[in-house]
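Below, read A as the first sequence line, B as the second, and so on, with proteins coming before strands; counting in each chain starts at 1. Predicted model only: the values in this text are computed from it and were never measured.
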Amino acid sequence: MLNLQSNRQPLALLAAIGVAGAVALGGPAEAKTLRIGAQADAGTMDPHAQNIQTTISVLSMVYEALITRDKSLRKAPQLATSWENLEPTVWRFSLRPDVKFHDGAAFGADDVALSIARAQAETSQFKGFVANIAETRIVDDLTIDVVTKTPDPLLLDKLAYIFVMDKDWAEANNVQRPQDLGNQEETFSVLNANGTGPYVLQAREPDSRSSFTRNADYWGELDGDIDEVVFQPVSSDPTRVAALISGDLDLITAVPSQNVDQLTANPDLKLQTTDEFRTLFFGFDHGSDALQYGDAGGANPFKDVRVREAVNLAIDADTIVRTVMRGYATPTGQILAPGNLGYDASLDARADYDPAASKSLLAEAGYPEGFSFTLDCPNNRYINDEAICRAVTTMLAQVGLDASLNLMPRAQYFPKLWDRDSTMFLMGFNSPYFDGLYMLETMLMSRNDDAGEGIYNYSLNSDSALDQAIADARATIDGADRDRKMQAIYKSIKDETLYVPLHHQVLVYAMQDNVNVQIRPDNLLEIRWVTMD
Amino acid sequence: MISFLARRLGQAVIVMLVVTALSFVMFRFLGDPLVAILGVDSTEAQRQALRADLGLDRPFALQFLSYLGNIVQGDFGISYRLGRSVEAVLIERLPATVELAVSGMLIAIVIGVPAGVYTALNRRRFVSRVLLSISLFGISLPSFFMGVLLIWVFTVKLGWLPSFGRGATVDLGWWSTGLLSISGLKALIMPALTLAVFQIAMIMRLVRAEMLEVVRTDFIRFARARGLPARAVHYRHALRNTLIPVITIIGLQLGSIIAFAVITEAVFQWPGLGLLFLQSVAAADVTMMSAYLILIAALFVTINLCVDTLYLIIDPRLRGRSKNARS
């Protein structure tokens with residue numbers, strides 16, 4: 001059996017004596033340890049197995065990709081020093097020389113090739129990120145070409161998620177692909193990690209503690225100055241908050257909104273917020289001719305833009321943000337979050353809450369008395385999702401829309417959406433690529449699973465003009481040009497009220513006064529930027 | 001005697017089979033493991049491939065039989081959430097829960113038994129009334145609230161104890177203990193107290209009620225008449241006779257706090273079975289949940305079997321009855 005206990009007492013005692021000795025001899029300055037408390041643990045140490053932000057965030061300390069983001073969130077070199085687009089479908093990457101993995105092996109082009117192949121494996125959750133890659137060609141030890149099937153403007157953004165693993169290490173430990181849960185596999189890379197990153201995995205105890213120490217041989221300079229990172233999941237909200245107040249933790253993510261005021265008032269602590277890349281909105285079934293769940297006299301009113309607009313006018317998003325979210329969200333009139341390419345701030349303006357206008361729109365559409373239907377909603381997926389849906393149900397009742405609320409945990413909710421088995425649903429979408437194209441392609445295009453189009457189009461909306469416009473934007477490599485095209489598309493989505501937007505979520509971190517963090521809108525904790533005074 | 005045991009064993013096997021079937025059925029319908037494995041965003045093609053891969057497209061009875069077959073061989077499958085073998089994870093988490101439950105129970109016994117004796121012997125004293133009121137409070141306080149309250153006082157206000165976790169552990173081969181390090185002991189105090197509060201109240205009330213019964217019986221009166229010192233009468237004769245039901249209840253309660261320390265473990269992020277179960281539920285980790293339920297059922301079946309056998313040994317009347325009774 002694997003032995004994971006990090007704190008063997010005799011060792012700890014020796015270390016303590018050692019430290020005491022060092023202090024007595026006037027040893028080095030005190031090591032800076034950052035203790036992070038999160039709501040959940042990383043599920044695995046395998047870099048390609050689990051596409052969950054917490055896991056990616058923890059692994060980003062150990063593993064690195066070809067490309068990263070700088071502090072202004074622009075793409076920046078990491079393991080690649082430069083890249084060029086030789087042909088529309090061929091990208092050449094020059095790799096960083098003199099980079100070593102934690103076990104001492106040298107980094108090179110074959111490691112990149114293996115990692116991309118690994119991410120393409122059937123058992124990887126990052127398949128979608130590399131599905132468009134046809135092949136990789138190793139030019140020399142520090143040069144690699146990546147060939148895509150079609151011109152892909154997002155290739156660089158996608159590669160920023162593909163962490164690089166050492167080929168020899170993968171072979172030696174028989175982990176050339178992520179573990180196959182279906183075949184009951186247990187693999188070495190679930191508990192062990194070997195990257196090129198600034199921190200080395202020291203000990204891993206799933207669900208309680210993972211510790212990382214600074215990589216002395218790291219190739220780059222760090223803005224951050226943390227020597228040791230201890231990542232601890234504390235799932236109970238009050239405990240996590242208490243642990244921060246008492247000084248057991250230095251930084252907590254996912255601060256519960258009801259504790260924000262209390263933490264702000266504490267002089268030893270500070271809070272930091274940023275708009276998250278996640279916008280909440282409601283979607284409707286456009287595909288069925290009659291309501292799947294509900295009664296509107298055999299018709300499907302949600303196909304009518306007036307009815308969708310009536311729903312939009314009946315929801316008081318400002319009140320939801322003020323009461324349910326306690327101010328920690330930004331009401332919006334669009335489905336794309338700020339910071340993404342294609343985002344147009346003017347679309348954030350929301351139509352004023354107007355139940356009277358909503359009622360008259362419903363009457364105009366032929367439903368003066370409203371109608372009844374089921375609203376499906378998860379209760380453990382988004383911040384305050386249950387409370388949001390309860391509030392909306394009440395608001396809809398004011399205009400005669402009789403929504404019965406169907407609350408489910410996410411393990412039941414998403415299979416229901418996958419089956420397109422919902423009349424009205426709550427959704428929160430984040431664009432992993434800092435680019436609005438992904439959402440257009442996967443959520444707004446007509447469903448075509450083989451082409452990867454409309455795979456999250458749970459409303460089964462299908463509009464060939466829209467498909468055309470999105471395909472056109474997708475074929476546009478030039479960023480500024482695509483930006484303009486996407487802005488126009490997002491405007492048309494808003495005009496058609498294809499979805500009813502609520503708000504952009506806000507990320508709240510709380511920390512000791514001496515900790516300095518810059519929060520990324522995709523909720524990836526960038527350890528390279530964290531300092532402690 | 002042998003037929004009694006055989007019958008009980010047979011019943012135990014049936015109970016285990018039923019629990020296994022139930023947990024299998026329940027969790028297959030409760031949540032879709034595909035969400036846990038593929039993540040929230042996946043395509044239809046991926047899902048179908050995985051469904052076939054996991055054998056979820058086979059007839060239900062066949063799935064159950066193959067599951068049962070694996071379990072009999074001690075193979076509970078792979079946890080979808082942690083990507084590790086279920087039995088390895090269960091074994092890894094067991095020590096934390098057992099140490100917590102046993103310490104909680106010890107605290108409860110050390111405080112509960114004397115308090116029960118005291119309140120039984122000094123019924124009208126003010127202190128007794130105070131103790132009884134406190135115990136009422138202890139029985140009605142939800143452990144979640146109790147845990148948060150303790151954290152607030154001892155961690156946030158006084159800064160004496162760590163708010164969560166198990167502290168440093170010492171590895172003894174197959175058992176990792178927190179009892180051999182200062183930080184481990186400090187970390188144990190609050191969760192054990194949280195678990196103990198309810199048990200203290202219950203043991204105290206049970207001991208008190210039993211004592212009141214026994215003190216009234218003739219042999220105690222005779223013991224007093226013999227001129228034995230009060231201390232000997234109370235502790236050697238009276239208390240001893242109250243202990244049989246008390247020990248039975250304590251045994252069963254120990255089982256239940258091993259099984260259901262879920263809330264306490266969640267509040268203190270105590271890395272034991274309860275927390276594991278809670279997180280498995282949240283992630284729809286079907287294999288882990290099923291295995292946990294089966295394990296807990298096995299625990300209770302074993303405890304019951306032991307208790308039944310003990311009764312049989314202790315009480316000759318049961319032995320006589322079991323010969324011609326058809327229980």
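- Under the 3.5 Å distance criterion, the side-chain polar atoms of B:Gln269 are left unmatched by any main-chain donor or acceptor of A:Ser208.
- Considering only heavy-atom pairs separated by less than 4.5 Å from chain B, the leading option among A:Leu249, A:Asp46, A:Thr44 is A:Leu249.
- Checked by atom type and distance alone, the side chain of A:Thr239 pairs as donor or acceptor with a backbone atom of B:Val267 at under 3.5 Å.
- Atom CH2 of B:Trp160 has 12 or fewer neighbouring heavy atoms from other residues, nucleotides or ligands inside a 6.0 Å radius.
- Both the backbone and the side chain of A:Val234 come within less than 4.5 Å of a heavy atom of chain B.
- Between the side chain of A:Asp248 and the backbone N or O of B:Ser163, at least one donor-acceptor pair lies under 3.5 Å.
- Per-residue heavy-atom pair counts under 4.5 Å with chain A were compared for B:Phe144, B:Phe268, B:Trp270, B:Phe164, and the maximum is reached by B:Phe164.
- Annotation: the span from B:Ile151 atom CD1 to A:Ser246 atom OG amounts to 9.0 Å, rounded to 0.5 Å.
- Using a 4.5 Å cut-off between heavy atoms, B:Leu275 contacts chain A through its side chain alone, with no backbone atom that close.
- Looking at A:Leu417, there are no atoms closer than 4.5 Å to chain B (heavy atoms on both sides), in backbone or side chain.
- Here the CG-CG distance, from B:Leu82 to A:Asp207, works out to 5.5 Å after rounding to the nearest 0.5 Å.
- In terms of heavy-atom pairs under 4.5 angstrom with chain B, the leader among A:Ser235, A:Gly43, A:Pro238 is A:Ser235.
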Derivation of the side-chain contact (heavy atoms from CB on, under 4.5 Å) call for B:Arg84 and A:Leu191: CA-CA 9 Å; B:Arg84 302 177 53 210; A:Leu191 291 170; 3.6 Å; yes

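- Proximity to chain A is limited to the side chain of B:Pro271, based on heavy atoms less than 4.5 angstrom apart.
- Between B:Arg93 and A:Pro206 the shortest heavy-atom distance is NH2-O, 3.1 Å.
- Here the side chains of B:Glu265 and A:Ser236 are not in contact, with every heavy-atom distance at 4.5 Å or above.
- With respect to B:Arg81 and A:Asp41, no salt bridge is recorded, no charged nitrogen being found less than 4.0 Å from a carboxylate O.
- Within a 6.0 Å sphere centred on NZ of B:Lys186, other residues, nucleotides and ligands contribute 12 heavy atoms or fewer.
- Rounded to the nearest 0.5 angstrom, A:Arg209 CZ and B:Arg166 CZ are separated by 13.5 Å.
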